[in-house]
Amino acid sequence: MPADTNPQGDIFGGWLMSQVDIAGSILAVQRAQGRVATVAVHEFRFWQPVYVGDLVSCYAELAHTGRTSVRIKVEVYSERERDPASVRQVATASITYVAVDENSRPRLLPG
Ligand SMILES: CC(C)(COP(=O)(O)OP(=O)(O)OC[C@H]1O[C@@H](n2cnc3c(N)ncnc32)[C@H](O)[C@@H]1OP(=O)(O)O)[C@@H](O)C(=O)NCCC(=O)NCCS
């Protein structure tokens with residue numbers, strides 16, 4: 001949306017980062033079967049700009065499982081003007097989430 005643009009009129013990188021954090025956290029919550037906290041962003045690469053009106057899709061996969069943490073890889077794709085032929089990868093990220101208890105302290109992952 002226009003409110004998410006930087007002064008050049010492209011989508012602000014911080015907006016995309018928050019969407020990626022949300023996408024990754026959904027998978028992390030599923031694996032942790034409960035609350036998680038983002039502890040580290042290891043990589044965030046913007047390959048192409050995203051423009052107002054683009055349809056952005058985030059795909060998350062589990063890259064590593066630790067004792068209390070999971071590292072999630074997220075790939076971001078953008079489609080322009082409802083044209084499936086325009087779909088291109090615009091960003092990739094690697095984020096670690098920690099399963100936390102009711103006191104916001106790390107807890108062991110189930111299973
Ligand atoms: C997340 C939090 C509860 C972790 O507590 P902590 O005492 O620092 O965590 P620990 O040192 O015990 O590490 C917990 C896990 O995180 C991993 N971890 C910690 N820092 C890491 C880093 N920089 N990179 C990768 N993994 C990391 C540890 O390896 C460990 O994983 P494992 O149990 O699977 O081996 C705490 O750091 C916190 O509350 N941070 C703020 C979270 C937050 O508010 N995020 C949103 C920001 S707006």
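Note that ligands are numbered from 1 as they come in the structure, with each ligand's atoms numbered from 1 the same way. Values reported hereafter were calculated over all heavy atoms of this structure, with side chains retained and with hydrogens, waters and symmetry mates removed. Being a predicted model, the structure only gives us computed values, none of them experimental.
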Original post:
At a 4.0 angstrom heavy-atom cut-off, what protein residues surround ligand 1?
Top reply: Ala37, Thr38, Val39, Ala40, His42, Gly66, Arg67, Thr68, Ser69, Thr96, Val98, Val100, Ser104, Arg105, Pro106
Original post:
Listed by chain and number, what are the ring-ring contact (aromatic ring centres under 6.0 Å, His included) partners of Tyr51, not counting sequence neighbours?
Top reply: none
Original post:
Leu109 pairs by side chain to side chain contact (heavy atoms under 4.5 Å, CB included) with which of Val70, Val36, Val98?
Top reply: Val70
**OP:** Give the other cluster members for Val87, using side-chain heavy-atom distances under 4.5 Å between Ile, Leu, Val, Met, Phe, Trp and Tyr residues; answer none if it is isolated.
**Re:** Tyr59, Tyr77
Subject >> Residue pairs fulfilling salt bridge (Lys or Arg N to Asp or Glu O under 4.0 Å) with at least one residue in residues 46-56, sequence neighbours excluded >> reply: Asp54-Arg80, Asp54-Arg88
Subject >> Reported CD1-to-CG distance for the pair Ile95 and Asp21, which is rounded to 0.5 angstrom >> reply: 5.0 Å
Original post:
Any side-chain heavy atom of Arg35 within less than 4.5 Å of one from Ser104?
Top reply: yes
